[in-house]
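Working notes for the structure below.
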2 protein chains.
Amino acid sequence: MSGIADVAARAGVSKATASRALTGSGYVSEHTRARVLAAAAELGYVPSTSAVSLATGRTNNIGVVMPYVNRWFFAEVLEGIQATLLERGLDLTLYDAKPGTVGRAQIFDDFLARKRFDGLIAVGLEPEDRELQRLVQIGRPIVSVVGSDEGTSYVSVDDDHAVRRATEHLVALGHHDIVFVGGGTGPHWAHVDRRRLLGYESAMTTAGLSGHIRHFRSDVTIPGGYAAAVDLLSDARTRPTALVGACDEVAIGAIVAARRLGIQVPSDLSVVGVDDHEYAEMFSLTTLQQLPRQQGSAAVELLLGQIADPSRPTTIVQMQARLIVRSSTAPVDPQLAAAALDSAATKA
Amino acid sequence: MSGIADVAARAGVSKATASRALTGSGYVSEHTRARVLAAAAELGYVPSTSAVSLATGRTNNIGVVMPYVNRWFFAEVLEGIQATLLERGLDLTLYDAKPGTVGRAQIFDDFLARKRFDGLIAVGLEPEDRELQRLVQIGRPIVSVVGSDEGTSYVSVDDDHAVRRATEHLVALGHHDIVFVGGGTGPHWAHVDRRRLLGYESAMTTAGLSGHIRHFRSDVTIPGGYAAAVDLLSDARTRPTALVGACDEVAIGAIVAARRLGIQVPSDLSVVGVDDHEYAEMFSLTTLQQLPRQQGSAAVELLLGQIADPSRPTTIVQMQARLIVRSSTAPVDPQLAAAALDSAATKA
DNA sequence: TTGAAAGCGGTACCAA
DNA sequence: TTGGTACCGCTTTCAA
C-alpha cells in the first residue's frame with residue numbers, strides 16, 4: 001500500500017518528480033527516471049485509481065451497456081470489447097439494461113449519471129427517447145454497436161445487404177417460397193430485425209417475387225425459432241421451400257424443428273441465417289457471417305478516438321457480412337417447386 | 001457538474017453538514033437535512049465517485065473475474081450478480097480471464113492490483129498457484145462461484161449429489177450401460193467435471209455397476225457434446241443405453257447427434273444432463289436443475305457480508321440440484337438390455 | 001447540531 | 001530538470 005510519496009522518498013526526489021517519471025510526462029533526467037522506476041518496482045507501487053481520477057478527471061474505465069449478456073451476439077461483442085480494452089489497460093464496467101425492468105431505469109437514472117467512465121459503448125440498446133436524453137446528458141463520448149439513429153458514432157453490420165444476399169442466394173437456387181422468420185413476438189419489432197426484414201423484402205421484390213413475400217414472427221432465440229418453425233412447417237400446404245432466419249439462432253431452431261418433423265434440410269427445406277453463430281458449423285448452416293468480436297473491437301477504437309479528440313466527427317463503421325455456404329441450402333426440389341406453382345395457380 | 005460545495009452553499013450550510021445530510025451519517029437536524037436534500041435535488045447533484053473513493057477508501061464497485069462470458073452458465077451467473085449489485089447500487093467491473101492467454105496474466109498482474117473494487121467474485125476461475133497467490137495479495141474479500149479449494153468463501157451446487165442423482169435416475173430405469181461424457185478435451189480435467197465424474201462413479205459403484213463405469217471425453221459445449229456423441233454412438237456394439245452429460249450442453253449435443261444418427265431418444269438412448277439450460281425444455285431434456293442466477297446472487301450476498309465485516313468466517317453455500325424429469329429418459333428397452341448382457345457375457 | 005480544516009493520493013502549474 | 005504547492009471533491013475528526 002505504498003504511495004507515490006514513498007516512492008519519491010525512496011528515490012530521493014520530490015513527489016512531483018516521481019509523478020513525472022512514472023507517468024512519463026514532463027522533463028525527467030534519464031538517471032532520476034531510472035531511480036524512480038526502480039523504487040516503484042521495489043515497493044510494488046500501484047497508483048490509486050481514485051486519486052488519479054480525481055486529479056486528472058479521467059477514469060481509465062469504459063462503460064458498456066447492453067440488454068443481454070447471455071445471447072451469443074452480445075456475449076461475443078462483449079468479449080471483443082473486453083479484449084481490446086485489456087490491451088489498452090482500460091477497465092470495463094458492465095451495465096445490464098434489460099428492456100422494461102426497474103433495473104434498466106435505475107441504470108439510466110443513477111448508474112450512468114455517476115459517470116464512472118470516460119466513454120460508453122451501447123450494444124443493441126435501442127433506447128427510448130427518455131433514455132436517449134439521459135445518454136446525451138451524460139456528456140461523455142458514446143459509440144453504439146448495432147446502433148439505431150442515435151446521432152452517435154456506431155459500428156454495425158450492413159443488415160440490409162446481409163439479408164438481401166441471403167435471400168438472393170436462395171433465389172439463385174430456384175426458391176420462390178421463401179419466408180422470413182424473426183422480429184420477436186412482442187408488440188414492436190427490434191430495429192435490427194426490421195432492417196433485415198426490409199432487406200429480405202427488397203431482394204424478393206427485385207427478384208420479381210414480391211407476391212411471395214411472407215414473414216413469420218419468432219423470438220430471436222433458438223427455442224423461439226424452434227417454436228415458430230414448428231408452427232410454420234407443420235402444415236405441408238403452406239410450408240415454404242426456404243426460410244431466412246433473422247439470425248442464426250432462429251435458423252438453427254428452425255433446423256431442429258424441421259428435423260423433428262421429418263422434414264429434410266436442405267432437400268425439403270433450405271435454411272439460411274445471419275451471424276455465423278458458434279453452432280452454425282455443427283448444424284451445417286449456410287449463413288452470412290458477421291464478426292461481433294471485431295465489431296466490439298472497432299467500437300473501442302472509435303470510442304478511444306473520440307475520447308482523445310472530442311471534436312472528432314461522428315463516424316459510422318459499416319461492416320459487410322460474408323456469405324458462408326454450408327449445406328443447409330440446396331437447389332429447390334423441382335417437385336416442390338411444381339407443387340408450389342400448383343397451389344399458387346389454385347389460389348389464383 | 002455541481003459539487004457538494006454548491007449544494008452546501010445553496011442550502012446555506014457548510015460542506016461538512018451537507019455531507020452528513022447526504023450520506024446520512026452523523027447528526028443533522030431534520031430541517032437542515034431537508035434543505036440540503038432539496039438543494040441537491042435542484043442542482044441535480046451527483047457525488048464524484050473518485051472523490052468518495054479517495055476519501056472513504058470504498059469504491060462501491062465489485063470485480064467479477066470469469067474465464068468465459070459466452071457460455072450459458074457463466075452468463076447466467078453474471079446476470080444474477082449484476083441484478084443483485086444493481087439493487088444495492090453497486091457497480092460491476094468485469095474481467096474476462098481466459099485460461100492461457102496473455103490477457104489473463106495481465107488481469108492478474110496489473111488489473112486486479114489496481115483494486116478498483118471492494119471485493120471480488122471469481123466464477124469458475126480455477127486459478128493456478130501463481131494466480132491464487134496474486135488473488136490473496138490483493139487483500140480484498142473474495143467469493144468464488146463453482147469454487148475449488150481456494151480457502152475462500154464460495155457458493156456452488158453440490159456436484160457430487162447432482163450427478164449421483166442423475167445416475168441413480170438412470171439406474172432406476174433399468175440402465176446398466178451408462179456412460180459419462182464431459183471433462184473437456186484438454187490435458188487436464190476441469191474441477192467441476194472431475195467432481196461430477198466422481199459422483200457418477202460412486203453412484204455406479206453403489207448400484208453394483210462398477211464394471212460398467214465408462215467415461216468419454218468431450219468439450220463441455222453443445223458442439224463438443226455433439227462431436228463426442230457422434231464418435232461414441234456410431235458403433236452399435238459399444239453404444240450405451242444411457243448417457244450422463246457433464247452439463248446440459250454436452251447432453252444437448254448428444255441428443256442432436258443421436259437424432260442425426262437415427263437413434264431415438266429416449267427409446268434407444270436415455271440422456272440426462274446437469275444445469276437446466278435454457279434449451280433443455282426445447283430438447284425435452286431430463287436434467288438436474290441448478291440455478292446459476294441464484295448462485296450469482298448468493299455470491300454477492302456473501303461478499304457484501306464479508307466486506308461489511310471482514311472478520312466473518314469463510315462460508316460455503318452448497319445448493320442442491322433438483323431433478324427435473326422430461327422425456328429424454330425412459331426405462332431401458334428390454335431388448336437392448338438383453339443385447340448388452342449378451343455382449344457382456346461374450347466379453348467375459 | 002454545525003463548521004473549520006486536515007487529509008485521501010495523486011497531478012500539474014509555477015518558480016527556482 | 002527539479003521541487004513546492006495548490007488543487008481534484010468528498011469525508012471525517014475535533015472544536016465550537
Side-chain angles (χ1 to χ4, degrees), chain A residues 1-40 43-61 89 91 110 113-118 139-140, chain B residues 1-40 43-61 89 91 110 113-118 139-140:
Chain A
M1 280 298 296
S2 41
I4 200 170
D6 304 304
V7 175
R10 179 164 193 126
V13 298
S14 70
K15 269 172 62 182
T17 304
S19 174
R20 265 180 251 122
L22 259 8
T23 60
S25 68
Y27 293 96
V28 186
S29 73
E30 253 330 304
H31 178 68
T32 37
R33 149 164 296 121
R35 287 179 54 75
V36 172
L37 261 37
L43 265 47
Y45 166 73
V46 177
S48 146
T49 50
S50 30
V52 172
S53 299
L54 187 55
T56 62
R58 306 260 317 223
T59 61
N60 294 313
N61 184 40
D91 276 334
D110 307 340
R114 292 212 277 264
K115 303 189 234 203
R116 202 201 274 279
F117 41 76
D118 299 326
R140 291 259 187 289
Chain B
M1 278 299 295
S2 41
I4 200 171
D6 303 306
V7 175
R10 180 163 191 126
V13 299
S14 69
K15 274 170 57 184
T17 304
S19 173
R20 268 180 244 123
L22 259 8
T23 60
S25 68
Y27 293 97
V28 187
S29 75
E30 251 331 303
H31 178 68
T32 38
R33 148 164 298 121
R35 289 178 54 77
V36 171
L37 261 38
L43 267 47
Y45 167 73
V46 178
S48 145
T49 50
S50 32
V52 172
S53 298
L54 187 55
T56 62
R58 305 262 313 228
T59 61
N60 293 312
N61 185 41
D91 276 333
D110 306 339
R114 293 212 276 264
K115 303 189 234 203
R116 202 201 274 278
F117 42 77
D118 299 326
R140 290 261 186 287

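The chains referred to below are lettered A, B, ... by the order of the sequence lines, with proteins before strands, and numbering in each begins at 1.
One atom, CZ of A/Arg114, and another, C1' of D/dG9, lie 16 Å apart when rounded to the nearest Å. Look at NZ on A/Lys15: it is 10 Å from C1' on C/dC8, rounded to the nearest Å. Summarising the geometry, the separation between CZ on B/Arg35 and P on C/dT2 is reported as 11 Å, rounded to the nearest angstrom. The distance between atom CZ of A/Arg20 and atom C1' of C/dC13, rounded to the nearest whole Å, is 10 Å. Counting to the nearest Å, the C1' atom of D/dG9 and the NZ atom of A/Lys115 are 14 Å from each other. One interatomic measurement links the two molecules: CD of A/Glu30 to C1' of D/dT1, which rounds to 13 Å at whole-angstrom precision. Atom-to-atom, CZ of A/Arg33 to C1' of D/dT2 comes out at 13 Å; the value is rounded to the nearest Å. Atom CZ of B/Arg58 is separated from atom P of D/dT12 by 11 Å (rounded to the nearest Å).
Candidate nucleotides D/dT5, D/dC10, C/dG9 were compared by shortest atom distance to the side chain of B/Ile4, and D/dC10 ranks first. Here the side chain of A/Ser25 is nearest to one of D/dC10, C/dA12, C/dG3, namely C/dA12. With D/dT12, D/dC10, D/dT2 as the choices, the nucleotide that has an atom nearest any side-chain atom of B/Ala16 turns out to be D/dT12. Minimum atom distance to the side chain of A/Val52 is reached by C/dT11, of the listed C/dG3, D/dT11, C/dT11. With C/dG3, D/dT2, D/dC8 as the choices, the nucleotide that has an atom nearest any side-chain atom of A/Leu54 turns out to be D/dC8. Nearest to the side-chain atoms of B/Ser14 among the listed nucleotides C/dG3, C/dG10, C/dT1 stands C/dG3.
Residue-level contact check: B/Thr32 touches the backbone only, with heavy atoms under 4.0 Å from sugar-phosphate atoms and none from bases. In this structure, B/Ser48 reaches the sugar-phosphate backbone alone: every heavy-atom distance under 4.0 Å involves primed, P, OP1 or OP2 atoms, never a base. Among the heavy atoms of the strands lying under 4.0 Å from A/Thr23 are primed sugar atoms or P, OP1, OP2 only; no base atom is included.
Between atom OG1 of residue A/Thr59 and atom CG of residue A/Leu54 there is a gap of 12.5 Å, rounded to the nearest 0.5 Å.
The closest donor-acceptor contact from the side chain of B/Arg140 to the backbone of B/Phe117 lies under 3.5 Å. Under a 3.5 Å cut-off, the side chain of B/Ser53 and the backbone N or O of B/Arg58 do form a donor-acceptor pair.
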Practice item. Verify side-chain contact (heavy atoms from CB on, under 4.5 Å) between A/Val36 and A/Val28, making sure each step is shown before the conclusion. Key: CA-CA 10 Å; A/Val36 172; A/Val28 186; 5.8 Å; no
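The 5' end of DNA chain D is approached more closely, in terms of each residue's nearest nucleotide, by A/Gly26 than by the other of B/Leu22 and A/Gly26. Both A/Ala55 and B/Gly12 sit near DNA chain C, but only B/Gly12 has its closest nucleotide nearer the 5' end.
Close to D/dC10, at under 4.0 Å from its OP1 or OP2, lies a side-chain N or O of B/Tyr45. For D/dC10, neither phosphate oxygen OP1 nor OP2 lies less than 4.0 angstrom from any side-chain nitrogen or oxygen of B/Ser19. Checking the phosphate oxygens (OP1, OP2) of C/dT1, no side-chain nitrogen or oxygen of B/Ser29 falls inside 4.0 Å.
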